[in-house]
> 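Following this message is one structure expressed as structure tokens.
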Amino acid sequence: MKIMPHITFRFAFGGCASKSESLTKLREFLHHNEWLPSDNDYDTTLLSYHTDDTGDCEVILKRRPEYTLDELADMFFNDIIKTKEIIWTKVLYDSHVENIVGKYAGAYLLRQTSDLSDLKENDEVIVLIRK
């Protein structure tokens, strides 16, 4: 089985405690920032997404010919930063999010569950917390 290169972001919107509430917010976020076509809730060539029962969201970005995965990660994270309703964000570590982890994860050293000096692929790393 071949694993397609991808980037995983996990985050939550403030005030959303259910799967349905967060799914609505997530779709609004993806449409507003043009990660999904305006007339469709799915774009399998770019991403997959879901929410869980606690209201947490997960978005998986896949490779696109016009962008590198590093560029996609930076663009998506910039959209997260601009969206004040997102209260925390984590990434699953890999080489495509090294820049984001290097720039932002150090601010949350006491909250990290992974050792930032010895990160392994798919370690969960906090890159944003808003109070």
> Give every donor-acceptor pair under 3.5 Å between a side-chain atom in residues 80-87 and any protein atom, sequence neighbours left out.
residue	atom	partner	partner atom	Å
Lys82	NZ	Asp79	OD1	3.3
Thr83	OG1	Asp79	O	2.8
Glu85	OE2	Lys25	NZ	2.5

> Treating Ile, Leu, Val, Met, Phe, Trp and Tyr as nodes and any side-chain heavy-atom pair under 4.5 angstrom as an edge, say whether Tyr104 and Met75 lie in one connected cluster.
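Linked, Tyr104 and Met75 end up in one cluster.
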> Restricting to non-hydrogen atoms, name the atom on Pro5 and the atom on Leu69 that form the minimum distance, rounded to 0.1 Å.
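Taking every non-hydrogen atom into account, CB-CD1, 3.5 Å.
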> Could you give the distance from CG (Leu23) to CZ (Phe13), rounded to the nearest 0.5 Å?
10.0 Å
> How many angstroms lie between NZ in Lys62 and NE2 in His6, if you round to the nearest 0.5 Å?
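Going from the NZ atom of Lys62 to the NE2 atom of His6 covers 9.5 Å.
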> Under the criterion ring-ring contact (aromatic ring centres under 6.0 Å, His included), which of Phe29, Tyr67, Tyr49 is the partner of Phe76?
Phe29
> Quick one: closest heavy-atom pair of Phe9 and Ala73, and the distance?
CZ-O, 3.6 Å
> If you define the side chain from C-beta out and look only at heavy atoms, does anything of Ile60 sit under 4.5 Å from Ile7?
no
> Which atoms form the tightest heavy-atom contact between Leu109 and Gly106, and what is the distance?
CG-O, 3.2 Å
> Can you find a pair of side-chain heavy atoms, one from Arg111 and one from Ile129, that are under 4.5 Å apart?
yes
> Taking the side chain as C-beta and beyond, is there a heavy-atom pair between Leu92 and Arg10 under 4.5 Å?
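Result yes, sub-4.5 Å side-chain heavy-atom pair found.
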> Please report the shortest heavy-atom distance between Ser22 and Gly55, naming the atom on each side.
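Shortest heavy-atom contact: CB-O, 3.1 Å.
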> Do Leu30 and Asn33 have side chains that approach each other closer than 4.5 Å (heavy atoms only, starting at C-beta)?
no
> A quick test of your reading: do over 12 heavy atoms of other residues, nucleotides or ligands sit less than 6.0 Å from NE2 of His32?
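Count not over threshold, so no.
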> With sequence neighbours excluded, what pairs up with Asn40 under the side chain to side chain contact (heavy atoms under 4.5 Å, CB included) test?
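Applying side chain to side chain contact (heavy atoms under 4.5 Å, CB included) to Asn40 gives Pro37, Tyr42.
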> Is there a donor in the side chain of Asp41 and an acceptor in the side chain of His31, or the other way round, less than 3.5 Å apart?
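Yes, a side-chain donor-acceptor pair sits under 3.5 Å.
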> Indicate the atoms forming the closest heavy-atom contact of Phe11 with Thr89, along with that distance.
CB-OG1, 3.7 Å
> Is Ser114 reaching over with its side chain to a backbone N or O of Asp123, donor-acceptor style, under 3.5 angstrom?
no
> Does some side-chain heavy atom of Val127 sit less than 4.5 Å from a side-chain heavy atom of Phe77?
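Phe77 reaches Val127 side chain to side chain.
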> On a heavy-atom basis, which atom in Val125 and which in Tyr93 lie closest, and how many Å separate them?
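Closest heavy-atom pair between Val125 and Tyr93: CG2-CB, 4.2 Å.
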> Test your reading of the model: is there a side-chain donor-acceptor pair from Asp52 to the backbone of Thr54, 3.5 Å cut-off?
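At least one qualifying donor-acceptor pair exists.
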> Any heavy-atom pair between the side chains of Val91 and Val101 that's under 4.5 Å?
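Answer yes - side chains close enough.
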> Are any of the side-chain heavy atoms of Leu61 and Val59 separated by less than 4.5 Å?
yes
> Quick one: does Thr51's side chain have a donor or acceptor within less than 3.5 Å of a partner on Lys19's backbone?
yes
> So, the side chain of Gln112 versus the backbone of Ala105: is there a donor-acceptor pair under 3.5 Å, distance only?
yes
> Determine, step by step, whether Asp94 and Asn122 satisfy the side-chain contact (heavy atoms from CB on, under 4.5 Å) criterion, reporting the C-alpha distance in whole Å, the side-chain angles of both residues, the deciding distance to 0.1 Å, and the verdict.
CA-CA 6 Å; Asp94 68 16; Asn122 291 323; 5.8 Å; no
